[in-house]
Number of protein chains: 2
Amino acid sequence: MPSRPTDAEVDRIFQALADATRRDIVRRVIGREQRVSDLAGRYEMSFAAVQKHVAVLERSGLVAKRRQGREQIVSPVVATIGRARGLLDELEALWRGRIDRMAAILQEDAAAAHAER
Amino acid sequence: MPSRPTDAEVDRIFQALADATRRDIVRRVIGREQRVSDLAGRYEMSFAAVQKHVAVLERSGLVAKRRQGREQIVSPVVATIGRARGLLDELEALWRGRIDRMAAILQEDAAAAHAER
DNA sequence: CATTTGTACAACCATTTGGTTGCATGTTAC
DNA sequence: GTAACATGCAACCAAATGGTTGTACAAATG
């Protein structure tokens, strides 16, 4: 999926990032791949709760799971972080565009004032 | 608030971005400041619904409102977008750190193999 | 084979979210 | 002053979230 993400995809990515536990899980699996139970051991909540968080992250594409025997290894999908960044970059580009347009208008005004003399 | 954002702040920012209508509102107000009713006119939903979206964006710090007579002017707060980007940058930096560590280990192995001969 | 371990999943619950309508209030225009 | 406009807010509703416990099952271990 190299093309522009759909609204629904972006919704899922930001939604997944909008929870401190899930952001922490992402950090951990970036540091090193983790089994679901490794992760579950780190938080105060139940195993099932952590498992659900991992499922949310997986649906968003921020992490991937691969089975290894009875274990499930969770690893990061850095490209998806990049997709989220791309969207923020786009917003910042829009902002710069606005600044540039404002600068251009100031230029014109200055030129007009100059011609008036 | 130049310091590291709290978890709760980051939660609110990503939560606010996790909705296509709200992302669109942010784009519009970046393009040009808008009154709440200007925005409301653009979407199929009720005025109150749009107003709520703006309120969510305001609480997250992505936009600011300033009153002008009876109108409320909504403008972007680009610094907050930067804060969200900062967090994604941090994740990508962690990833590069992992890559670097792996490269270092490969280096050591190569050196060891070399010494063995 | 029996047990433990790792994971998934269903059912349930409280809270939040995203929408609605209706009403209240302050501001501008006539 | 009255009417029209712009906004805010409360009450309500359905659906989604984030958590729980309990059950089921496959894989590793003794």
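The model shown is predicted, which means the values in this text are computed figures rather than measured ones.
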message: Distance check needed: dT17(D) C1' versus His53(A) NE2, whole Å only.
response: 9 Å
message: Counting only side-chain heavy atoms from C-beta out, which of dG8(D), dA8(C), dG19(C) sits nearest to Ala49(B)?
response: dG19(C)
task: Kindly indicate whether the side chain of Arg28(B), heavy atoms from C-beta on, has any atom under 4.5 Å from the side chain of Leu39(B).
output: yes
message: side-chain contact (heavy atoms from CB on, under 4.5 Å), that's the test. Do Arg35(A) and Val74(A) meet it? Break it down for me.
response: CA-CA 6 Å; Arg35(A) 297 174 312 157; Val74(A) 183; over 6 Å; no
message: Tell me whether the count of non-hydrogen atoms from other residues, nucleotides or ligands lying under 6.0 Å of CZ in Arg32(B) goes above 12.
response: no
- prompt: Between Val54(A) and Val77(A), is there a shared hydrophobic cluster once you connect ILVMFWY residues whose side-chain heavy atoms come closer than 4.5 Å?
  reply: no
task: Mind calculating the distance between CE (Met45(B)) and C1' (dT17(C)) to the nearest angstrom?
output: 13 Å
query: Checking all strands, does Ala48(A) fall into the base, sugar-phosphate, or nothing category for heavy-atom contacts under 4.0 angstrom?
result: base
statement: Taken to the nearest whole Å, CG/Leu17(A) to P/dG18(D) is 12 Å
message: Could you check whether the side chain of Arg70(A) and the base of dT7(C) have a donor-acceptor pair of N or O atoms closer than 3.5 Å, going by distance alone?
response: no
- prompt: Are Arg4(A) and Glu90(A) ion-paired here, with the side-chain N under 4.0 Å from a carboxylate O?
  reply: yes
Phosphate OP1/OP2 of dG18(D) contacted by Arg22(A) side-chain N/O (<4.0 Å): yes
query: Which one, dG6(C), dA8(C), dT7(D), comes nearest to the side chain of Glu71(A)?
result: dG6(C)
- prompt: For the side chain of Arg35(A), counting heavy atoms from C-beta on, which of dT7(D), dT7(C), dG18(C) is nearest?
  reply: dT7(C)
Salt bridge flag under 4.0 Å for residues Asp89(A) and Arg85(A): yes
- request: Compare the minimum distances between each of dA6(D), dA11(C), dA8(C) and the side chain of Gln51(A), then state the nucleotide with the smallest one.
  value: dA8(C)
query: Is the shortest side-chain N to carboxylate O distance from Arg42(A) to Asp24(A) below 4.0 Å?
result: no
- line: Double-helix bend of the helix from dC1(C)-dG30(D) to dC30(C)-dG1(D), axes at both ends from 5 pairs, round to 10°, gives 20°
- line: Judged by nearest nucleotide, the residue sitting upstream toward the 5' end of DNA chain C, Lys65(A) or Arg59(B), is Lys65(A)
field: Under-4.0 Å side-chain N/O to phosphate OP1/OP2 contact, Ser46(B) with dT20(C)
entry: yes
